[in-house]
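Single-structure report; data block below.
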Amino acid sequence: MSETNATLKLGDKELTMPVLSGTVGPDVVDIRKLYGQAGVFTYDPGFTSTGSCSSAITYIDGEAGVLLHRGYPIDQLAEQSTFMEVAYLLLHGELPAKDALDNFSYTISRHTMVHEQLATFYRGFRRDAHPMAIMCGVVGALSSFYHDSTDITDPKQREIASHRLIAKMPTIAAMAHKYSIGQPFLYPDNSLSYTGNFLRMTFGVPAEEYIVSPVIERAMDRIFILHADHEQNASTSTVRLAGSSGANPFACMAAGIACLWGPAHGGANEAALNMLREIGDVKRIPEYIARAKDKDDPFRLMGFGHRVYKNFDPRAKVMKQTADEVLAELNISDPVLDVAKELEQIALNDPYFIEKKLYPNVDFYSGVILNAIGFPTEMFTALFALARTVGWVAQWNEMISDPEQKIGRPRQLYTGPTQRDYVPVGQR
Ligand code: SDX
């Protein structure tokens with residue numbers, strides 16, 4: 001990283017701090033010595049202007065609508081790659097040669113089964129438990145089955161834990177769905193692709209053969225690619241912070257799942273489809289646009305807006321195109337898609353949304369496709385978590401290997417009472 005300097009004048013002090021440059025994107029002011037030299041903290045709730053780490057995995061240019069995974073544009077990966085290949089790319093930094101990809105896919109396929117006792121964890125949940133509640137619990141519980149891969153200082157153990165997490169998420173997510181509808185779990189069938197295996201475990205039944213639809217398999221694989229990683233978003237930052245304490249990778253991923261569940265983050269895909277269904281008819285769109293603009297109304301257009309993208313989310317463009325393709329190929333006409341397209345057009349021409357730079361994000365169209373494929377709305381965020389596990393695992397490995405990493409410990413601006421003496425209850 002090249003260096004120039006920034007100067008901060010603070011009272012009678014003048015501090016010089018290095019300015020570091022990456023390969024592309026904004027420079028960063030290295031403030032690590034600020035508190036030691038000046039006795040002050042920076043203040044940045046939500047970390048909107050704070051770089052928490054250096055990373056070589058994903059680059060986002062929010063103004064230009066650019067998303068690169070190890071330098072490769074997301075639209076090229078979505079169009080030409082596969083989720084397994086993107087997983088390899090995120091983990092290892094380069095697109096694999098065919099034999100390396102085949103070996104990686106084979107290794108992952110050898111970890112798709114879960115310990116037989118893990119199935120009993122599901123029986124403790126209510127049948128109507130949200131799949132994300134189940135994912136949080138079951139993924140965290142993996143820690144209790146794999147003591148041989150929780151020593152994070154051992155690169156071999158980190159590798160097998162990474163493979164186990166990537167391989168078992170589809171099985172765990174499919175089991176959550178099966179449990180919710182009272183159908184038996186299906187074991188993985190490793191003669192299928194990663195995504196085909198997931199579709200069969202989710203929609204197949206023991207009573208008959210399940211034929212994977214190439215159209216649905218391709219669409220699902222593309223949706224996984226679009227959700228694989230996204231720089232230092234809230235759930236990835238959660239995984240990094242949990243991992244910085246030395247917590248085992250299974251516990252860290254459970255923390256990431258918990259954070260992703262929120263409607264402002266990964267829970268938005270479920271909330272966006274529910275919103276589109278509630279709107280129901282293009283004639284009701286103006287009513288909801290007005291609510292979204294009303295400062296006194298907590299309603300927000302779910303699937304709209306983004307902390308980083310202030311022009312368009314490149315994933316939303318690919319997702320919209322995929323929605324058109326899948327519904328046409330499945331010969332489904334879903335009025336919700338018409339509402340979504342009309343809502344997008346109205347919002348993109350409304351001064352409020354233009355001024356606030358609010359555009360459809362990755363969650364706006366994904367629900368239309370997932371619904372067409374047959375997933376219940378409650379499963380949408382679990383699918384996001386399944387795909388994002390690849391990004392979380394890649395980011396977690398990068399953090400553990402980063403010589404600069406240490407336990408995360410933000411500070412604060414204290415606004416509470418200054419010191420005062422205890423008052424016995426009889427004198428209060
Ligand atoms: C994801 O970080 C990531 O990379 C996340 C993600 C990933 O891949 O990991 O991309 C996945 O989480 C996508 C985002 C999914 N969430 C939603 O779709 C929920 C709806 N969107 C909003 O909650 C909001 O846009 C956020 C949380 C996504 C972004 O929040 P920001 O950038 O901090 O924006 P903000 O909340 O400060 O809002 C800025 C202004 C506000 O108005 P003012 O207070 O300035 O007057 O825009 C308004 C907001 O009221 N606004 C919206 C809006 N989003 C923001 N108004 C109406 N509808 C919306 N959706």
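Counting starts at 1 for both ligands and their atoms, following the listed order. As the structure is a prediction and not an experimental result, all values here were calculated from the model.
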Any N or O of [X] that comes nearer than 3.5 Å to an N or O of ligand 1?
{"X": "Met302", "answer": "no"}
{"X": "Leu301", "answer": "yes"}
{"X": "Leu358", "answer": "no"}
{"X": "Arg315", "answer": "yes"}
{"X": "Gly303", "answer": "yes"}

Could you pull out, from Arg291, His227, Lys357, His265, the option with a heavy atom nearest to atom 1 (C) of ligand 1?
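The nearest heavy atom belongs to His265.
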Under 4.0 Å from a heavy atom of [X]: give me the atoms of ligand 1 that qualify, with their elements.
{"X": "Arg388", "result": "7 (C), 8 (O), 9 (O)"}
{"X": "Ala268", "result": "15 (C), 16 (N), 17 (C), 18 (O)"}
{"X": "His306", "result": "2 (O), 3 (C), 4 (O), 5 (C), 6 (C), 10 (O), 13 (C), 25 (O), 28 (C), 29 (C), 32 (O)"}
{"X": "Tyr352", "result": "48 (C), 50 (O), 56 (N)"}

- Item | Distance flag, aromatic centroids of His306 and His230, threshold under 6.0 Å |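 That pair passes the under 6.0 Å test.
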- Would you confirm whether the ring centroid of Tyr35 sits within less than 6.0 angstrom of the ring centroid of Phe41?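 Under 6.0 Å, so yes.
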Heavy-atom contact under 4.0 Å between [X] and ligand 1?
{"X": "Lys310", "result": "yes"}
{"X": "Val308", "result": "no"}
{"X": "Lys295", "result": "yes"}

[atom]: any protein heavy atom closer than 4.0 Å:
{"atom": "atom 26 (C) of ligand 1", "answer": "no"}
{"atom": "atom 37 (O) of ligand 1", "answer": "no"}
{"atom": "atom 34 (O) of ligand 1", "answer": "no"}

Check: Which is it for Asp44 and Thr48 under the side-chain hydrogen bond (donor to acceptor under 3.5 Å, both in side chains) test, yes or no, and what are the steps along the way?
Finding: CA-CA 7 Å; Asp44 185 16; Thr48 47; 3.1 Å; yes
Counting only heavy atoms from other residues, nucleotides and ligands, does the tally under 6.0 Å from OH of Tyr414 exceed 12?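 More than 12 heavy atoms, drawn from other residues, nucleotides or ligands, come within 6.0 Å of this atom.
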What do you reckon, is CD of Glu94 surrounded by more than 12 foreign heavy atoms closer than 6.0 Å?
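Not more than 12 within 6.0 Å, no.
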For this session: Identify, for atom 50 (O) of ligand 1, the protein heavy atom at the shortest distance, and state residue, atom and that distance.
Result: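 For atom 50 (O) of ligand 1, the nearest protein heavy atom is Arg300 NH2, 3.2 Å.
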My understanding is that only one of Gln395, Arg70, Arg388 makes a side chain to side chain donor-acceptor pair (under 3.5 Å) with Asp229; could you say which?
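So, applying the side chain to side chain donor-acceptor pair (under 3.5 Å) to Asp229 and each of Gln395, Arg70, Arg388, only Gln395 qualifies.
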